[in-house]
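Scroll down for the structure; my scribbles are underneath it.
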Amino acid sequence: MQNKHDKTAQHTTHPQPESATASNAVQAEAATETGWGRRDFLKVGSLAAALFGTQLAGCEKTPSPGLGGGQAHASGLSTHVAPGAHDDYYGFWSGGQSGEIRVLGVPSMRELKRIPVFNFDAATGWGATDFSKKILGNRLSGDTHHVHLSYKDGTYDGRYIFVNDKASARLARVRIDIMEVDRITELPNCAGTHGIFPQRHKTGYVFTNSEFRTPMPNDGRDMDSPEKYGAMHTAVDGETMEVKWQVLVEGNMDLCATDYQGKYSFATCYNSEGGVTLEKMMANERDHLYVFNIANIERAVQNGKTIRIGNSTVPVVDARGADSEYVMRIPVPKSPHGVNMDPTGMYAVVSGKLSPTVSVVDVRKLDDAFQKKIKPRDCVVAEPEVGLGPLHTAFDNKGNAYTSIFIDSVVTKWNIAAAIEAYKIKDPKASKEAAAKAILQKLDVHYQIGHINASMSETKEADGKWLMALCKFSKDRYLNVGPLMPENDQLIDMSGDKMKLMHDGPTYPEPHDCVIVKKSIIQPTKIQPRTGPRFEMYEAWAKEDGVNLLKDNKIIRKNGIVRVYMTSQAPKFHFSEIRVTKGEKVQIILTNLDNVEDLSHGLCVTHHDVNFLVNARDTNSATFVADKPGVYWFYCPWFCHALHLEMRGRLIVSDAPTSQPKKG
Ligand code: CUK
Ligand code: CUA
């Protein structure tokens, strides 16, 4: 992984543009629009650098990336991963409008896999196979924004990935051992499910926020009375994927976070106005961070202090209106977007979006606030100005935060402790000056950054190595590919005193978010273990039909379906012909008996829109109607063997019933 070529590779393939003119143009434009000068912020940054002289001394001497060959030496990492070498981290990206999850190696940014979730994927057949159709409910699109892994004791346990579908209010779970979706849960009474976050002390609840307020229930009533609309904070059991309870609130919620103890969950609320038009949604100077008190909500659920909405049987705690024992509303400046918990578990950082500030909430004060010993706003312990359009915040292991600043197109590095000290100062001018000193660096990114995340940043094991800036626009940084340009995921070395841009990674739109996970945590299997809901479905069918999936080849006609149980072993399908009658519904259940790592086969039935993957020791199936008489070849679409092209057979569709030959 570390070799002498690093230096060359870095210098030839990754030039380091310091500040592109296009970036300046964008920022100048933003500054004019808002009346804020970007230079003011730059001044603040350099002042901080001057005053934090000792801490920042030596940044100018930071060696170019690649010197030292990928070793995390004094102050520089390398993105170079030699051919055949592995990355140090797995990155899990949401796929945005594609509805999928993508798996990358970090720092090389090599894309390793795409996991279809809410989408149709021709490579695997997901969306067309019987199991995927069943759990997708015949829908083929989704909008994935937030990927988070299951936890134990404040760090990842390597079992599951959870991801939301904003479009149809669903939560999906991916099993990490096979990197495949095993469950999709429909969230009742929800619209625009956006922020999600699992609990961090164990695989407990996964919380989801409704971003869109709707009538409750949304069955045609109250459509023209937006004041009666509400939104749900929903608790899904991360083990069973069942919806356990919901909390009904008045405002629409955006991002979600959890603490490290399992006591609270959080939601940013950017529309305290309850507006249904853009103007009304932005009217108030202050909106809220909602804090949900899980013990109090659970008690209400146990004691039946709940309501039911429409046909849903999920217990709902009605917490609309003022602060209650269930939900506390902490006022924060205007239209907050991200909420991120720092790795110490002490601070939740709320990003202002329409305010140039981030608000730091001290989680240890929440108990007192719920008991009314202090006011909700007293939980805010710092509010530094970080730039125009703060969206999300990541963390290192040295007490620093890194906030993505959309309008300014920068990442702002700031020190949490220094910001808190500054906020304590009574004199407003002195306090503001001290807060400015907490701003350590602003790094240009290209362009209009959305999410930001860092290696292990969402765990207590944040390691301060790699920072990922997910920029919404790449503008001129790649070859022109027409009106839809790639987005730009920029990899930043955060290990030194100063952030350093290392790599531009074009992405197919629009991965909102990503997590970066130490490779030792992720341990997928190589051979299908044949467990979980997909195999429960196949085993139930096989039992009913008296079939051993790993041995038997049988064609069974019943309930209007021709079930073809077939095995394959390279380079042969058991049946070389399958005879059916025109109009019959056919279900082919294919089991791959090959027990060899990476030896995948599949089944493509020509002219019948059947094309799916069957990995080693896997079973998969699809159903179709044989509606035209003729000979249709079915074949293996995966290059599996020297005789791969010969791995095929005939589907013979006759006008009248004919008998199946004895053996293939
Ligand atoms: S949201 Cu997209 S930039 Cu859906 Cu996480 Cu903030
Ligand atoms: Cu089996 Cu190609």
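The model shown is predicted, which means the values in this text are computed figures rather than measured ones. Computation of the quantities below employed the complete heavy-atom set of this structure, encompassing side-chain atoms and omitting hydrogens, waters and symmetry-equivalent molecules. FYI, the numbering just counts along the sequence from 1.
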Short side-chain donor-acceptor distance under 3.5 Å, [Y] and [X]:
| X | Y | result |
| --- | --- | --- |
| His512 | His451 | no |
| Tyr447 | Asn488 | no |
| Thr203 | Asp157 | yes |
| Gln528 | Asn615 | no |
| Ser576 | Arg648 | no |
| Thr567 | Asn553 | yes |
| Asp254 | His194 | yes |
| Arg563 | Gln587 | yes |

Beyond-backbone contact of [X] with [Y], side-chain heavy atoms, under 4.5 angstrom:
| X | Y | result |
| --- | --- | --- |
| Lys475 | His446 | no |
| Ser108 | Thr79 | no |
| Asp130 | Met537 | yes |

What is the distance from atom CD1 of Ile578 to atom CZ of Arg650, rounded to the nearest 0.5 Å?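 Ile578 CD1 to Arg650 CZ: 11.5 Å, rounded to 0.5 Å.
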
Is there a ring pair (Phe, Tyr, Trp, His ring centres under 6.0 Å) between Tyr205 and Phe207? Walk through the geometry before answering. CA-CA 6 Å; Tyr205 298 124; Phe207 296 103; 5.6 Å; yes

In terms of the angle between their ring planes, are Tyr156 and Tyr151 parallel, tilted or perpendicular, with boundaries placed at 30° and 60°?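 Tilted.
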
Would you call the rings of Phe131 and Trp126 parallel, tilted or perpendicular, taking 30° and 60° as the class edges?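 Phe131 and Trp126: perpendicular rings.
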
